[in-house]
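Computed from heavy atoms alone, side chains included, the values below leave out hydrogens, waters and symmetry copies.
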Amino acid sequence: MKKFSLIHSKVLPAVDYAYASHVPAGMDLYFMAGACPLDQVGRVPEGIRYEEQAKLCVENLKAALQECGAELTDVAYTRVLVASSDQSDLVAVWQAVREEFGSHDAPSTRQVSPYWVIGAN
């Protein structure tokens, strides 16, 4: 079975994620929808902190990946978007996401914005 590789730079500053990933030809690719912090009834629970929302997002991502026959270690790239004007909220969310992903340090883009961002690839 083919595996993708995470590429850590030898010349760029050390960070807690890979700078790139390489997915070899012939591997199946699944494009996941953005994972929202939705509970089982499809609502964002009231009064939960950003990091709790992040963990709920990762749990939802795990469920979607499982339906594809995949898991977090099969993720080649993440994008973490936080709707807040406070940079510390992004830091808290990133720490929660990194904890969920464990040693699997896929490349990631992170952004904090007071407005929701919609991305398309």
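When every heavy atom of Phe4 is checked against every heavy atom of His22, the shortest pair comes out as CB-O, 3.0 Å. Here the closest non-hydrogen pair linking Ala64 and Met32 is CB-CE, 3.5 Å. The two residues Ala20 and Pro107 have their closest heavy-atom pair at C-CG, 3.3 Å. Taking every heavy atom of both residues into account, Ala106 and Leu6 meet most closely at CA-CD2, 3.9 Å. Pairing each heavy atom of Cys57 with each of Cys36, the nearest pair is SG-C, 3.5 Å.
In this structure, Thr73 OG1 and Lys3 NZ are separated by 5.5 Å, a value rounded to the nearest 0.5 Å. Remark: Gln66 CD to Leu61 CG distance equals 11.5 Å, nearest 0.5 Å. Going from atom SG of Cys68 over to atom CG of Leu29 covers 11.5 Å, rounded to the nearest 0.5 Å.
Put simply, the side chain of Tyr77 does not reach to within 4.5 Å of the side chain of Val23, judged on heavy atoms. Residues Phe101 and Thr78 form a side-chain contact, since some pair of their non-hydrogen atoms from C-beta on lies under 4.5 Å apart.
Residue pairs satisfying the salt bridge (charged side-chain N to carboxylate O under 4.0 Å, His left out) criterion with at least one member in residues 23-49, sequence neighbours excluded, are listed as follows: Arg49-Glu51. Applying the side chain to side chain donor-acceptor pair (under 3.5 Å) test to residues at least two apart or on different chains, the pairs with a partner in residues 7-16 are His8-Asp105, Asp16-Trp94.
At least one donor-acceptor pair closer than 3.5 Å links the side chain of Arg98 to the backbone N or O of His104. Between the side chain of Asp74 and the backbone N or O of Glu71 there is at least one donor-acceptor pair closer than 3.5 Å.
Hydrophobic clustering of Ile, Leu, Val, Met, Phe, Trp and Tyr side chains at less than 4.5 Å, counting indirect connections, keeps Val80 apart from Leu56. Hydrophobic cluster membership differs between Ile48 and Val112, with clusters built from Ile, Leu, Val, Met, Phe, Trp and Tyr side chains linked at under 4.5 angstrom. Connection of Tyr19 to Val75 is established within a shared hydrophobic cluster, with ILVMFWY side chains joined at heavy-atom distances below 4.5 Å, either directly or through further cluster members. Val15 and Val91 are members of different hydrophobic clusters when ILVMFWY side chains are connected at heavy-atom separations under 4.5 Å. Following chains of ILVMFWY side-chain contacts shorter than 4.5 Å, one cannot reach Leu12 starting from Ile7, and the two form parts of different hydrophobic clusters.
Looking at Lys62 and Glu59, a side-chain N of the basic residue comes within less than 4.0 Å of a carboxylate O on the acidic one, giving a salt bridge.
Apart from Val44 itself, the hydrophobic cluster it occupies contains Leu38, where clustering links Ile, Leu, Val, Met, Phe, Trp and Tyr at side-chain heavy-atom distances under 4.5 Å.
Checking Asp86 against Ser84 by side-chain atom types alone, no donor-acceptor pair falls below 3.5 Å.
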